[in-house]
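Just follow the structure's listing: the first ligand is 1, and inside any ligand the first atom is 1. What you see below is based on every heavy atom in this structure, not just the backbone, and it leaves out hydrogens, waters and symmetry mates.
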Amino acid sequence: MNDLSNPPAVPSVILRSDYRAPDWLVPEIALDFALSLDATRVRADLTVARNPAGQAGAPLRLNGDGIAARTVLVDGKSHNDWEMDGHDLVIALPADAHVVTIETALNPVANTQLSGLYASSGMLCTQCEAEGFRRITFFPDRPDVLSVYTVRMSGSAADFPVLLSNGNPVAQGTGPGGTHWAQWFDPWPKPSYLFALVAGDLVATRDSFTTRSGRKVDLAIYVRAGDESRTGHAMRSLIASMAWDEQVYGREYDLDLFNIVAVSDFNAGAMENKGLNVFNTRYILADPETATDGDYDAVEGVVAHEYFHNWSGNRVTCRDWFQLSLKEGFTVLRDQQFSADRGSAPVKRIEDVRVLRAAQFPEDSGPLAHPIRPDSYQEISNFYTATVYNKGAEVIRMMTVLAGPERFRAGTDLYFDRHDGEAATCEDFVRAIEDGTGLDLAQFRRWYEQAGTPRVDVALAHASDTVTLTLRQTVPSTPGQPDKLPMVIPLRTALFDRATGTHGGEHLLVLTETEQSFTFTGFAQAPVLSINRGFSAPVAIANPTTNDDLVFLAAHDDDPFARYEAMQQLVVQHLVAAVKGELTEADRTAGRAAIVGAFHAVLTDLALDDLMRGELVILPGEGYLAEQIAQVDPVAIRNEREALKGWLGAALRDEWIALHDRTSAVPFSLDAEARGARKLKTQALVYLAPADPAEAAARAKAQYDAADNMTDRQGALMVLCGLDRPERGAALADFQTRFAGNMLVIDKWFSLQAGSLHRDVIGQVRALANHADFTLTNPNRVRSLYMAFAANLGAFHAADGSGYRIIGDLIATLDPINGSIAARFVPSLGRWRKIEPARAALMRAELERIAALPGLSRDVREQVSKSLEG
Ligand code: TRP
Ligand code: ZN
């Protein structure tokens, strides 16, 4: 047999360039589960075949993680030629095809990592992406090994009346001692990360969808008894997604059954297991009493996202985990396009860009920066990032800008056609788009290779009747990538005539060199530049613009995103200069006057709908502002931003009050008009709060008391949470009692306090961590308290470092329970290089304290060590 006596250590860094085809394939697998909450037994029969493309003579290497093989049989006979190599089971096999049988035993209730098979409030469920299947049985747990699955499961009929897996149910029956069993068969070969099993006491809401070729698909959403009245929105979203994917991408569903299960303990948002999506309850359950308008949108978007994975992810899957953006970037783009079609496209675009700037830009400028297709990783769970997902979507969106929708569709048709049933790469995707659209994407591929947000410096010169626009791009250095090459940057651009407020048509400028000039003739006067309209490229535009021109664009630009952008830039320029101490008193007065003028125009522009108006009056976020300043004092950002809010609140007091009155009179409905009213209703209070706390508190209390929906109730409570007023405690207590037992709503109760503007958030967070309803074993609850806190600049960055200590302690305590969730909190401390020196030293010290702890998870170890080196 092969020499396994001195096994090589598992490499701690996995490199993309090390990819090799698998030595063995597993065309079929049969799984048999004897289910119990604390002692499940699993028998796996793997039909294995040597891969002609693999290494000749190689043994069969099966990954494992925290499991032991109780039995190993080859072709039904006991077999001794196997060894453990670290966590892997390595079997020497004589021929080219065998059946390997392995038995393992699992304790699902003890599985607090929520990866593999685990228990969640009495039910059993699985989460196998990325590498959870190896916690269930030994298997070549890599996405380029595709198998046809037969799954049999048996267990107590009382504890587990519902037994689900991928594909179609083929048989069921009862067994001895009150047990029953079910067998499922999934005809579509799939990688192990798409396997799923659910067993529990669940109730289904059912509907159906008939595909365009006439296949009737039975749809079911399984939830715990009592929650079934809150599945309607998810079901409607699913049906709309199925229709949309047929119409827009020509993609039809391919099984007779589509099941969704909602679980309350879940590491991520949801999972696209073939025919059996598993969701975090927060992305399924919605009714007006308990879910905000934002929650409704999130349910719709995530249901669509997981459904769309059936093609972009499942029918065409990833060759290896470096290709993750192949499915995630593309699927995020698809869900964004779907949501844009379902509601207001401009508002959706603004929201998506806000998320990108809040979550991805900081990642791209910090120690954990990586390309959308990373080159290396230690723990793949750490790469489910805003870069892979959201920047990945932006990169494909640029292809749609360059190709136009029809040609892009030809590209995706070719991609799905060419790679159906395969495990593909990002390169395969780009080549299919090239071949289908006729574009040359040679240089464009750098978007897959280079990390960092490109910055484009803009200069506009005007002489006689000619305008010269000079664009200069810089791609910043990122860890491991000191030198960068120029990117392909498509910029939708318009030049506005100041006198008429119009432009003579949009240009698509494609910047490919470090510096490039574009000329335009026929301009008697210098025009006003509108650039990167629709956010056509995920870059930072540096284009110092006068307040007058920004006010002009905010009022006149016919591209709604550009209007929003002008408002943002007006405020960003002002606040950044204020925080840096660069504003003279005259500048401050002039800046405030321009901002108040622009706000006034937005509040009184009758042509705007309220949803869009609501976007235009949102101030740039604290995190995005912090990104603009080197070695920032975060508390100064908080203070300047609040001061501006107070100024706007006072200067436009009558308008805010009139707005609050007008919107409060609009009755509840889920249509765009009523939703727009709700958005502005709370915005009005947000501005009044710093200007006139007594008036704001009284109105917030009235809004809370009158609320017949969660959007109004949560908005009012959010405003009250930031104020030191008697109405605060009363409303918090009411909310807690009113929604006791509803986990998702109690999450909001934690978040609102941890994210508030109150002066004592630190004390409150410490108390909440000891609250009877707090637990470290439920990821939603952990995120509700601590993610909200870590994003709360004014509190997290307390000058004495107490906020950093809270997060450091959390990481240390949570790591042994759930390492992948613990690792998600490291980036907040990892941004220390961007913070002023005194706080930076405290942040660094906290990271060093964590780094010194024994037995850290691979997840936390990778994030902490990169944050210290980077
Ligand atoms: N693939 C899932 C998605 O749709 C993400 C996901 C679900 C996930 N569960 C996970 C990622 C667990 C990492 C770990 O985006
Ligand atoms: Zn996804």
Check ligand 1 against A270 and write out every atom of the ligand that is under 4.0 Å from a heavy-atom position of the residue.
2 (C), 3 (C), 4 (O), 5 (C), 6 (C), 7 (C)

Does one side chain, of N310 or D254, offer a donor that lies under 3.5 Å from an acceptor on the other?
yes

E306 N/O to ligand 1 N/O under 3.5 Å:
yes

Is it the case that the side chains of T453 and D364 hold a donor-acceptor pair, with the cut-off being a distance below 3.5 Å and no angle test?
yes

Distance filter under 4.0 Å to K327 heavy atoms, resulting ligand 1 atoms
1 (N)

Could you tell me whether Y384 and ligand 1 have an N or O pair separated by under 3.5 Å?
no

The protein heavy atom nearest to atom 14 (C) of ligand 1 is E129 O, 3.5 Å

Hydrogens and angles aside, do Y249 and Q337 bring a side-chain donor and acceptor to less than 3.5 Å of each other?
yes

Without hydrogens or angle criteria, can the side chains of Y118 and Q113 be said to hold a donor-acceptor pair below 3.5 Å?
no

Nearest to atom 9 (N) of ligand 1, what protein heavy atom do you find, and at what distance?
Q127 NE2, 3.0 Å

Ligand 1 versus S381: contacting region, heavy-atom distance under 4.0 Å:
neither

Angle at the Zn ion (ligand 2): provide the value between NE2 of H309 and NE2 of H305, rounding to 10 degrees.
100°

Under 2.8 Å from the Zn ion (ligand 2), is there any N, O or S atom belonging to E306?
no

Taking all non-hydrogen atoms of both residues, which atom of T478 and which atom of A369 are closest, and how far apart?
CG2-CB, 3.9 Å

Geometric cation-pi criterion, R134 with F139: 6.0 Å, 45°
no

